[in-house]
Amino acid sequence: MKRLTANTRTVVKRNYALVTEDSYVGSTIPGWEEVDVRVVISPAMGANLSQHLIRLKPESQVVDRTDKAQAFYYVIDGHCQCKIDGERHELSKGGFVYIPIQCMYEITGTAHLVAFYKTYSPLEDHPVPPVVVGNSHNFEKALYLDDPQLHMQYLLPDNLSMDFAVNIFTYNPGGNLPFVETHIMEHGLLYLQGEGIYRLDDDWYHVTEGDVIWMAPYCPQWFTAMGKEDAVYIYCKDVNRHSLTR
Ligand code: UGY
Ligand code: MN
């Protein structure tokens, strides 16, 4: 029998949110058939981005278009097909697709996905970025801030056309951010593996696989990995724009 509870690990504040699986409630999105979607971050909580957790089964179908907001889908587990403006891409575990603005797309398959969406901020003399398809398993793990315990995979090209980054951050056990970051960039984040302690503003939380975090601009943030395995999270970040046009 399911136990009744009046407790959750979810916390939603003005400057950040920790959203945990025990409190998820599904949404219906027009054009998305038989899809289990949890809108875990959105402008409704004060964010400038959205993040969805998505479960696809064989009868599921996502039919949608990017209008003013670009989209990024990452396969946590399973396999799916993504058709963008008629071109089909196969994505397996670790696979991802970046869909620029004004594209028609469809996604089918049996998979667990995380998606990030952010309104695109165009830049004069720089074209809108193209579709990007890849797999994180093929990406180099670069040392972060020269710390041998911190490894970063940058999944999207970094040029001035892009106003959006998605990275996978791996911490070896005991690894930690070297200082408390406070920056204009906003993050949407999903824990993929391991556990640790996240500092958000003046609060500290034990976080683990499946947890979602939203960090507003200027939310002080710090993390240390705990336990015996690497701690891994995927996160997005707005980049490459002036503070008044971000
Ligand atoms: O890219 C970043 O700002 C990253 N170091 N932040 C974070 O992991 N909270
Ligand atoms: Mn940061």
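Atoms within each ligand, like the ligands themselves, are counted from 1 in listed order. Values reported hereafter were calculated over all heavy atoms of this structure, with side chains retained and with hydrogens, waters and symmetry mates removed. Remember, predicted model here, so these are calculated numbers, not experimental data.
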Could you tell me whether ligand 1 has any atom less than 4.0 Å away from a heavy atom of [X]?
{"X": "Tyr198", "result": "yes"}
{"X": "Tyr235", "result": "yes"}
{"X": "Met185", "result": "no"}
{"X": "Tyr233", "result": "yes"}

Quick one: which ligand 1 atoms are inside 4.0 Å of a heavy atom on Lys237?
1 (O), 2 (C), 3 (O)
Just which atoms of ligand 1 are under 4.0 Å from any heavy atom in Phe169?
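It comes down to these atoms of ligand 1: 5 (N), 8 (O).
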Do you see a donor-acceptor pair shorter than 3.5 Å between the side chains of [X] and [Y]?
{"X": "Asp211", "Y": "Tyr205", "result": "no"}
{"X": "Gln221", "Y": "Tyr198", "result": "no"}
{"X": "Tyr120", "Y": "Thr66", "result": "no"}
{"X": "Thr20", "Y": "Thr10", "result": "yes"}

To the nearest 0.1 Å, how far is atom 5 (N) of ligand 1 from its closest protein heavy atom, and which atom is that?
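Here the closest protein heavy atom is Glu181 OE2, 2.6 Å.
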My understanding is that only one of Phe179, Phe169, Tyr191 makes a ring pair (Phe, Tyr, Trp, His ring centres under 6.0 Å) with Phe223; could you say which?
Tyr191
How about Phe139 and Tyr154: are their ring centroids closer than 6.0 Å?
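Ring centroids of Phe139 and Tyr154 are no less than 6.0 Å from each other.
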Should the ring pair Tyr233 and Tyr235 be called parallel, tilted or perpendicular, given that the plane angle runs from 0 to 90° and is split at 30 and 60?
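Because their plane-to-plane angle is over 60°, the rings of Tyr233 and Tyr235 count as perpendicular.
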Counting backbone and side-chain atoms alike, is an N, O or S atom of Gln221 positioned under 2.8 Å from the Mn ion (ligand 2)?
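Of the N, O and S atoms in Gln221, at least one lies under 2.8 Å from the Mn ion (ligand 2), which means yes.
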Identity of the N, O or S atom of Glu181 lying closest to the Mn ion (ligand 2)
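Closest N, O or S atom of Glu181 to the Mn ion (ligand 2): OE1.
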Checking one value in my table: which N/O/S atom of His183 lies closest to the Mn ion (ligand 2)?
NE2
